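Written below as structure tokens is the structure these notes are about.
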Amino acid sequence: YKSTYIPPPARYGGRHTVTLIPGDGIGPELANHVCELFRFCCVPVDFEVVNVDSSMASEDDIDNAIMAIRRNGVALKGNIETNHNLPPSYKSRNNLLRTTLDLYANVMHCQSLPGVRTRHRNVDIVIIRENTEGEYSSLEHENVTGVVECLKIITKAKSLRIADYAFRTARAKGRRLVTAVHKANIMSLGDGLFLECCKEVASGYPEITFDSMIVDNTTMQLVCRPEQFDVMVMPNLYGNVVSNVCAGLVGGPGLVPGANYGEDYAVFETGTRNTGKSIANSNTANPTAMLLASCLLLDHLKLHAYASMIRRAVLSILTETQLHTADLGGKGSTSEVVQSVMNAVQSTGPQTLSI
Amino acid sequence: MAAHTAVMSMSKILNPFWGGRLGHTVKVRLVIMYEMLILQPPPAKYGGRHTVTLIPGDGIGPELLNHVREVFRFSCVPVDFEVVHVNSALESEDDINDAITAIRRNGVALKGNIETKHTMAPSVKSRNNLLRTSLDLYANVMHCQSLPGVQTRHKNIDIMIIRENTEGEYSSLEHESVTGVVESLKIITRNNSLRIADYAFRLAREKGRKRVTAVHKANIMKLGDGLFLQCCREVASDYPDITFDSMIVDNTTMQLVSNPQQFDVMVMPNLYGNVVSNVCAGLVGGPGLVPGANYGRDYAVFETATRNTGKSIAQRNIANPTAMLLASCMMLDHLKLYGYASMIRNAILTTMNETRLHTADIGGQGTTSDVVQSIMRIIQSKGPLISEL
């Protein structure tokens with residue numbers, strides 16, 4: 001039984017409330033920069049900050065965060081570290097968040113950005129990845145010592161849902177080709193079911209071409225000729241690998257934003273979900289991914305003018321090579337980049353005198 | 001035989017006193033040593049000529065393997081091929097069982113990829129997979145090197161990928177207990193993980209490599225990939241001259257695309273191995289260039305690394321024969337026919353790098369037969385002249 005009740009938006013007095021989860025590593029500093037920038041641009045968004053401590057075994061922190069997201073409907077988060085030293089019963093916090101809120105679609109748009117020199121040009125791929133099942137069910141057991149079985153779950157309902165989402169998004173963005181990525185020659189029941197569901201949904205969208213490709217061939221084609229791909233839809237693990245390959249193709253983890261959409265909630269973060277522990281607090285992280293993710297957030301809240309203003313500023317700053325951060329081969333610092341973005345916004349925004 | 005009895009008596013002496021304290025790894029190490037010393041099948045070598053099983057497969061397999069035979073005949077390589085056809089359209093497993101028996105008999109095989117039709121029932125298992133698991137070819141080794149004559153976006157790549165070949169996601173164990181919900185089992189066992197880690201480190205030491213990277217996803221699959229990682233760490237402790245580190249698979253694929261020169265030897269379970277090896281093949285120039293080898297304890301099967309059937313380019317004389325010919329050189333190395341192997345390998349690399357005769361997949365206009373003719377010409381010009389013998 002699916003409820004048709006749509007929760008009201010958290011908007012009072014014209015200002016939205018958005019949950020902010022700083023996370024670990026470079027998350028807190030980048031979240032601060034986002035708050036700084038929003039304040040500077042007078043964006044009508046208030047952040048409700050919820051801290052999640054990744055070193056604690058209790059699930060209270062993440063439950064609080066989930067409740068805050070249910071209340072506000074929208075969130076911006078940094079990645080929460082999964083400590084390998086804790087026992088296997090400790091589930092990944094990010095995964096818990098995604099499955100509890102049923103954020104079934106992870107959308108990542110990889111585009112070659114002007115100003116960033118990469119080996120591949122004209123890359124423009126939208127990756128839609130199933131976000132809640134597949135290999136990430138966290139269901140494992142060791143019935144016999146030394147033999148571990150991990151279950152990969154594929155269901156018809158979720159595969160139909162993600163395929164439907166992919167085709168609807170492709171139609172909304174005017175895309176012509178949807179490619180399903182799978183490994184049905186080996187996992188014939190599992191990925192076979194996924195592929196069948198995609199084919200069923202494809203028959204309802206005659207103007208969009210549908211084809212499928214095995215994941216190993218896909219990764220090889222991505223490295224040789226990424227221009228051939230348009231929209232790609234796939235289960236969880238392949239989505240992880242393919243989205244990281246595409247992020248590498250367009251310039252690295254510091255440039256691509258990601259969005260997790262569910263029926264009622266949306267959570268925005270960097271596309272490749274890196275914690276960046278080694279570069280935390282050194283002012284060298286690339287803020288572009290997080291800033292573009294916040295623009296996606298503003299688009300979701302229908303604050304399109306603010307979103308395009310900030311996005312334009314961020315992309316114009318990217319073309320200036322002296323401001324590139326270390327991951328793009330430059331020597332700029334995070335604060336310099338954010339300062340320049342604010343200057344760009346100020347110079348192109350409405351003048352106070354003219355209001 | 002003497003070594004065999006020595007190991008047996010050593011384990012008998014050690015176990016009563018130290019059994020409990022030695023721990024898992026040493027016991028497993030003794031078991032591995034013991035296994036290596038028991039009966040090895042004799043090589044299929046009669047009258048100085050080896051017999052090798054040849055499985056043409058589908059797509060571009062048959063034509064490429066014909067070229068291999070042509071080159072071998074031309075170079076007077078002392079290898080006879082026993083051809084076994086496997087029909088992928090049949091549901092019965094007789095064909096593949098015949099092929100497996102032939103490989104057990106000969107010990108070595110060269111194969112093309114056998115197609116797995118999606119339209120057949122899920123109970124029809126992948127023939128390639130059946131072959132690998134029945135013969136227990138546990139290690140898939142792929143050496144990706146940038147070739148100077150091939151134009152690629154990345155340079156100076158030299159990565160060895162060692163992939164577990166028999167378990168992991170490829171167990172073909174799936175069921176649908178509830179309609180619309182499919183469970184696929186990914187199996188990771190301690191024995192297989194120790195075995196592949198041991199193989200990786202031994203190979204790294206043999207080839208003088210300095211670093212082994214384990215690729216995993218243990219933050220999500222803690223028990224499964226956690227076990228794999230633990231086994232790699234245990235084995236790494238025995239090889240202090242080699243640095244060991246680990247990397248999550250998503251970060252690995254991104255690093256491979258941005259900065260592939262940082263990797264040296266990589267070891268990983270089955271599915272990640274599939275993806276990573278295809279990414280690396282793409283980095284060095286495509287599926288037509290890299291050979292792959294599947295090693296088991298008693299058998300070895302050689303094929304192209306990315307296992308493509310190439311149905312769309314079959315019978316059109318445009319396939320790149322390099323991968324299959326380099327795979328046949330690896331086979332000759334395995335049979336200890338090093339002279340012939342290096343002769344053919346040099347001819348292939350000269351054609352690739354100096355003559356620059358390229359097929360369509362690497363941007364040239366040559367046909368398969370052109371490339372093979374060029375290789376044979378180079379062998380003829382560099383080889384011993386009949387008048388000198």
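It should be emphasised that the depicted structure is a prediction, and the values quoted were computed from it without experimental measurement. Each chain gets a letter, A, B and so on, in the order its sequence line appears, and its residues count up from 1.
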Heavy-atom distances under 4.5 Å only: say whether [X] touches chain B with side chain, backbone, both or neither.
X: A:V215; result: side chain
X: A:H141; result: backbone
X: A:L237; result: side chain

Under 4.5 Å heavy-atom distance to chain A, tell me which part of [X] shows up: side chain, backbone, both or neither.
X: B:V279; result: both
X: B:N192; result: neither
X: B:I220; result: both

* Given A:N274, A:N240, A:T272, the one that forms side-chain hydrogen bond (donor to acceptor under 3.5 Å, both in side chains) with B:D250 ->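 Exactly one option meets the side-chain hydrogen bond (donor to acceptor under 3.5 Å, both in side chains) with B:D250, and it is A:N240.
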* To do: Taking all non-hydrogen atoms of both residues into account, name the closest pair between A:C150 and B:G224 and its distance.
  =>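 Nearest pair, atom of A:C150 first, then B:G224: SG-CA, 3.8 Å.
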* Relative to chain A, which of B:T116, B:I188, B:N129 shows the most heavy atom pairs under 4.5 Å? ->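 Maximum pair count with chain A is reached by B:I188.
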* **Most chain A-contacting option - heavy-atom pairs closer than 4.5 Å, from B:K222, B:K186, B:E174** =>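 So the answer, after comparing B:K222, B:K186, B:E174, is B:E174.
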Only distances under 3.5 Å count here; give the side-chain donor-acceptor pairs of residues 188-198 of chain A to other protein atoms, sequence neighbours excluded, each with its distance to 0.1 Å.
| unit_1 | atom_1 | unit_2 | atom_2 | d |
| --- | --- | --- | --- | --- |
| A:D191 | OD1 | A:K152 | NZ | 3.1 |
| A:D191 | OD2 | A:K183 | N | 3.0 |
| A:D191 | OD2 | A:Y238 | OH | 2.7 |

* Asked: Heavy atoms, side chains only, cut-off 4.5 Å: are A:V147 and B:I187 in contact?
  ->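 Yes, side chains in contact.
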* Decide yes or no for B:S126 and A:N185: does some side-chain heavy atom of the first lie under 4.5 Å from some side-chain heavy atom of the second? =>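 Counting from C-beta outward, B:S126 and A:N185 never come under 4.5 Å.
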* Under the side chain to side chain contact (heavy atoms under 4.5 Å, CB included) test, residues paired with B:T304 that sit two or more places apart ->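 In terms of side chain to side chain contact (heavy atoms under 4.5 Å, CB included), with neighbours along the sequence ignored, B:T304 is linked to B:A323, B:M324.
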